[in-house]
Amino acid sequence: MTKNHHEIIICGAGMIGLTFALLMAEKKIKVCIVDKNDKESLLKQQDNRTTAISQGSYRIFRKLGIWKKLKNEFQSINQIFVSEGLGSHDINFDHKNLKEGPLGFIVNNKLIKRTLLNEVSKSKYISFKYCTEIFNINNEDIDNSFIETKNVKLYFRMLVAADGRFSRTRYHANIKYYFHDYQQTAFVFNISHTKKHHGVALERFFPTGPLAILPVKNLKINQSSVVWTVDSGVANDDVFKINFRKEFEKKYNNFFGKLISLSEIKKYPLNVFSCYDIFKRNVVLIGDACQAIHPIAGQGFNLGLRDAFILAKTLEKSKELGLEPFNLSLMKSYENMRIIDKTLLVNATHNLNGLFSGSGEFKSLLRKAGLRIFAQSTFLKNQSMLFAMGLRSLEA
Amino acid sequence: MKSKNYKSTLNHSSKVFDNLSDEWWDENGSFKALHSFNLIRLEYLKKNNLKKSFNGLSVLDIGCGGGILCEPLSRLGAEVTGIDSNEKAINVAKEHAKMKNLKINYINGELSEVAKYNFDIITCMEVLEHVENVNQIISISNDILRKDGIFFGSTINKTLCSFLFAIFFAENVLQIVPRGTHEWKKFLKPNYVKTQFLNNGFNNFEVQGVNYNPFKNRWSFSEKTLVNYMFFATNSSK
C-alpha cells in the first residue's frame with residue numbers, strides 16, 4: 001500500500017481521538033491521526049479546564065497504562081453533595097456505599113493531553129499527519145473514499161471523526177444534527193479557599209443555573225475548580241460583570257471556608273447537540289463530534305470515551321473475523337450498543353438542567369420532592385452513582 | 001472406492017442468482033440477510049476451527065456465490081478456493097477479489113473440478129438445501145478433505161416453522177430473501193444430515209442452531225434448530 005492509503009484515519013488529536021488511537025494500537029491495529037495543528041502547538045495548547053474522569057474512564061486509562069503516567073496528579077472525588085440553592089446538602093453521594101472506588105477523578109486537561117500525545121508518539125501502530133486541514137471528504141464510494149487536503153488525497157477504509165464539537169469532518173460528511181442553545185453561559189475558573197476540600201465535590205442548583213465546585217489536587221494551596229452556569233441574560237448584564245466575585249461568593253457561601261483568590265475566568269456559551277446518525281457510510285463520529293451535552297453532570301468526556309472504547313472493540317472484531325474495518329452489520333450493532341447510553345445522557349442532562357433552572361413553583365416543588373426521595377433511597381443513589389461512574393455501559 | 005457421478009452436484013436455483021449478480025456485495029440489497037449472516041458464520045468457524053488459526057490452511061468454499069465468505073477467510077491467511085456453478089456469481093467474485101487485492105482461486109463449475117486437490121477445511125454454507133444430491137457432495141468432500149479436516153455447513157431445517165419463516169415471511173412478507181430462492185421440500189432435518197455425514201466416513205457431527213431477528217437484521221446463536229442451523233463434521237478416523 002502506498003503512503004496515502006490508510007485503513008483507519010482518525011480526525012482530531014484531542015483527548016478522545018488520541019485515546020481511541022491508543023486503544024487501536026493496543027489491539028495491534030494501525031491508525032493514522034490527522035490534525036490541523038503542528039506538534040508544537042498541540043503540546044503547548046492552553047487549556048485550563050479540568051476533566052471529571054469517571055470510574056469507567058479511569059479503568060480504560062489504567063488498562064492503557066495512561067493512568068500511572070499521570071503520577072498522582074489527580075484528585076479523587078470521594079463524596080458529592082447536591083443541594084437546591086443554599087439548602088444544607090440534600091443528597092450526599094458517598095463512594096463508601098458502593099465499593100467500586102472513588103466516584104471519579106479530577107485531572108487537568110493539559111496533563112491528560114500531554115500524556116496521551118507522549119504515548120501516541122511512542123507507538124509503532126500510530127502515524128501522525130500534522131498541519132493537515134480537511135478540505136473535503138468523498139465517501140460516496142466506500143471502496144474509494146478519501147479526504148482532500150491542501151496537497152494530498154488521503155484514502156481510507158474507515159474515517160473516525162474525533163474533532164470535537166465544531167467537527168469539520170461532520171460538516172464535510174454532511175451528517176445532520178439536532179441543536180439547542182441553552183441561552184446559558186458557563187464560567188470556568190479556579191478558586192483557592194481556606195479549608196481543605198477532602199475530595200468533596202459540590203453541586204448547587206440555583207434558578208439561574210447550577211454551580212459545580214470540583215476538588216483539585218494541589219499540595220501547596222487548597223484549590224477547587226469551578227463551573228458556574230448562569231443564564232446568558234444575567235451573565236451579560238454589566239452589573240453582574242462588575243460584581244462577579246461578590247455574586248459568586250453569595251452562591252459559594254464559604255463552603256470550603258473563606259474565598260482567597262479567583263483565577264482568570266473563561267466563558268463558554270452552552271448548547272447541546274446530537275447527531276441523528278452516528279455514522280454515515282464509512283465515516284463514524286465519536287465524542288463531542290457526535291454529541292456535546294450540558295456540562296451539568298460532567299459526563300461529556302466520559303460518554304465520548306465510551307464511544308471510543310466500544311468502537312475500538314467493534315473494529316477489533318471486524319479484524320478478527322477477516323472483515324474490512326467498515327462492515328455495515330458490525331457498525332449497526334455498534335450503533336445499537338451506543339444509542340441508549342447517548343440518548344439517555346443527552347436527554348438526562350438536558351432535562352436535569354431544565355428541571356433545576358427556572359423558578360416556577362411547580363418545578364421547585366418537584367425538585368424538593370425529588371431530592372427528598374433521592375436522599376432517602378440508598379438504591380436510587382447507588383444506581384445513579386453507578387450510572388454516573390460510567391460503569392453501566394461498559395459492562396457488556 | 002465406489003464410483004461417483006460428479007455431474008449436477010451444484011446445479012441449484014441458478015436462475016434466481018443470475019438476476020441478482022450485481023447485488024452480491026451490496027450490504028443493503030437483496031443479500032442483506034446473508035451479509036449479516038456472514039458475521040455469525042465467521043464467528044462459528046472461528047470458534048470451532050480445531051486448528052486454531054486459518055493462517056496457511058487450504059479452504060474450499062462450495063457454492064461461494066459472490067465470495068462473501070471467501071474474502072474474510074483469505075484475509076485471515078487461508079489459501080481459499082471458491083467454487084460455484086453460477087458463472088455470473090463467479091465473475092463478480094473474481095472482480096471483487098481483484099479490487100480488494102486478495103488472491104483467491106475462483107472456479108466456475110462442478111465439484112469434480114477440484115477432485116484432484118486436497119483441503120484442510122471445506123465450507124458449504126446455505127448450499128445443501130439447494131442441491132439435488134446431498135449425499136454426493138458429502139461423499140466427495142470426504143475424499144478431498146485431508147485427515148483431521150473439518151466440514152462446516154449451514155442449512156435450513158424441514159419444519160413448519162421453517163416454511164413459515166424461511167419461505168413465507170422471508171420471501172413474501174419481509175422480502176429479505178429473493179423470491180424463489182428456497183423450496184421447502186429440499187430443506188434438511190439435522191438428523192438426516194448427520195446420518196449422511198456418518199455414512200460417508202465422517203465420525204463427528206455437531207449442530208448449532210441460529211436465530212434471525214429480521215427487524216434488527218441480526219443473527220444470534222440459539223439452542224433450537226427450528227429454522228436455520230450450522231454444523232461441523234470431522235473425519236479424524238480417515
Side-chain angles (χ1 to χ4, degrees), chain A residues 1-8 24 27-30 138-146 155-159 277-284 310-343 396, chain B residues 23-29 31-49 52-55 57 59 61 67-80 92 95-104 121 123 176 212-220:
Chain A
M1 239 184 230
T2 56
K3 255 189 162 173
N4 292 327
H5 281 79
H6 300 275
E7 289 277 298
I8 298 164
M24 296 305 286
K27 302 172 196 313
K28 302 192 168 57
I29 299 175
K30 278 187 183 168
N138 194 322
N139 73 327
E140 288 298 316
D141 180 1
I142 289 174
D143 293 317
N144 195 29
S145 303
F146 56 87
Y155 286 84
F156 61 85
R157 295 240 152 259
M158 179 78 145
L159 182 65
D277 294 307
I278 65 183
F279 71 95
K280 190 172 183 182
R281 286 187 288 276
N282 51 353
V283 174
V284 55
I310 292 171
L311 182 63
K313 270 192 163 181
T314 305
L315 293 175
E316 180 188 31
K317 190 168 178 190
S318 75
K319 196 190 176 196
E320 278 175 359
L321 295 181
L323 299 164
E324 292 193 274
F326 176 77
N327 176 281
L328 187 63
S329 306
L330 276 177
M331 282 309 291
K332 284 259 166 77
S333 80
Y334 166 74
E335 190 176 37
N336 269 323
M337 277 188 270
R338 294 303 300 138
I339 203 83
I340 294 173
D341 191 17
K342 283 170 185 276
T343 315
Chain B
E23 297 192 40
W24 275 109
W25 284 95
D26 181 0
E27 286 191 73
N28 274 321
F31 294 109
K32 182 177 162 184
L34 184 64
H35 275 281
S36 63
F37 186 51
N38 210 26
L39 289 186
I40 198 156
R41 64 188 187 187
L42 281 163
E43 265 177 62
Y44 182 72
L45 257 63
K46 205 169 136 5
K47 198 167 82 182
N48 295 297
N49 178 13
K52 304 287 180 244
S53 158
F54 286 96
N55 202 13
L57 297 187
V59 177
D61 186 25
I68 293 169
L69 184 64
C70 292
E71 290 198 2
L73 291 176
S74 166
R75 263 189 220 100
L76 291 173
E79 290 166 28
V80 184
V92 169
E95 287 271 307
H96 200 265
K98 198 175 155 193
M99 180 178 78
K100 298 286 177 184
N101 271 324
L102 294 169
K103 225 185 108 200
I104 298 170
I121 286 175
T123 56
I176 44 172
Y212 182 62
N213 179 338
F215 304 105
K216 287 187 171 171
N217 187 28
R218 212 192 298 172
W219 295 83
S220 53

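- The two residues A:L321 and B:L42 have their closest heavy-atom pair at O-CD1, 3.4 Å.
- Applying the 6.0 Å contact sphere to CD of B:E95 captures no more than 12 heavy atoms from other residues, nucleotides or ligands.
- The 12-atom threshold is not exceeded at NZ of A:K30, counting heavy atoms of other residues, nucleotides or ligands nearer than 6.0 Å.
- Within a 6.0 Å radius of NZ in A:K27, more than 12 heavy atoms belonging to other residues, nucleotides or ligands are found.
- In this structure, chain B has no heavy atom under 4.5 Å from any part of A:I142.
- The environment of NZ in B:K103 is sparse: at most 12 heavy-atom neighbours from other residues, nucleotides or ligands sit within 6.0 Å.
- For A:K317, the NZ atom counts as loosely surrounded, since its 6.0 Å shell holds 12 or fewer non-hydrogen atoms of other residues, nucleotides or ligands.
- Looking at B:N38, the atoms closer than 4.5 Å to chain A (heavy atoms on both sides) all sit in the side chain, from C-beta outward.
- Checked against A:L328 for a side chain to side chain contact (heavy atoms under 4.5 Å, CB included), the options B:K32, B:H35, B:E27 give a single hit: B:E27.
- Around the CD1 atom of A:I340, the shell of radius 6.0 Å holds no more than 12 heavy atoms that belong to other residues, nucleotides or ligands.
- In this structure the side chain of B:E71 never reaches within 4.5 angstrom of the side chain of A:E324, judged on heavy atoms.
- With a 4.5 Å cut-off on side-chain heavy atoms, A:D143 and B:M99 count as touching.
- Of all non-hydrogen atoms in B:L76 and A:E320, the two that sit nearest each other are CD2-O, 3.3 Å.
- Between A:S329 and B:S36, the shortest heavy-atom distance links the atoms OG-CA, 3.4 Å.
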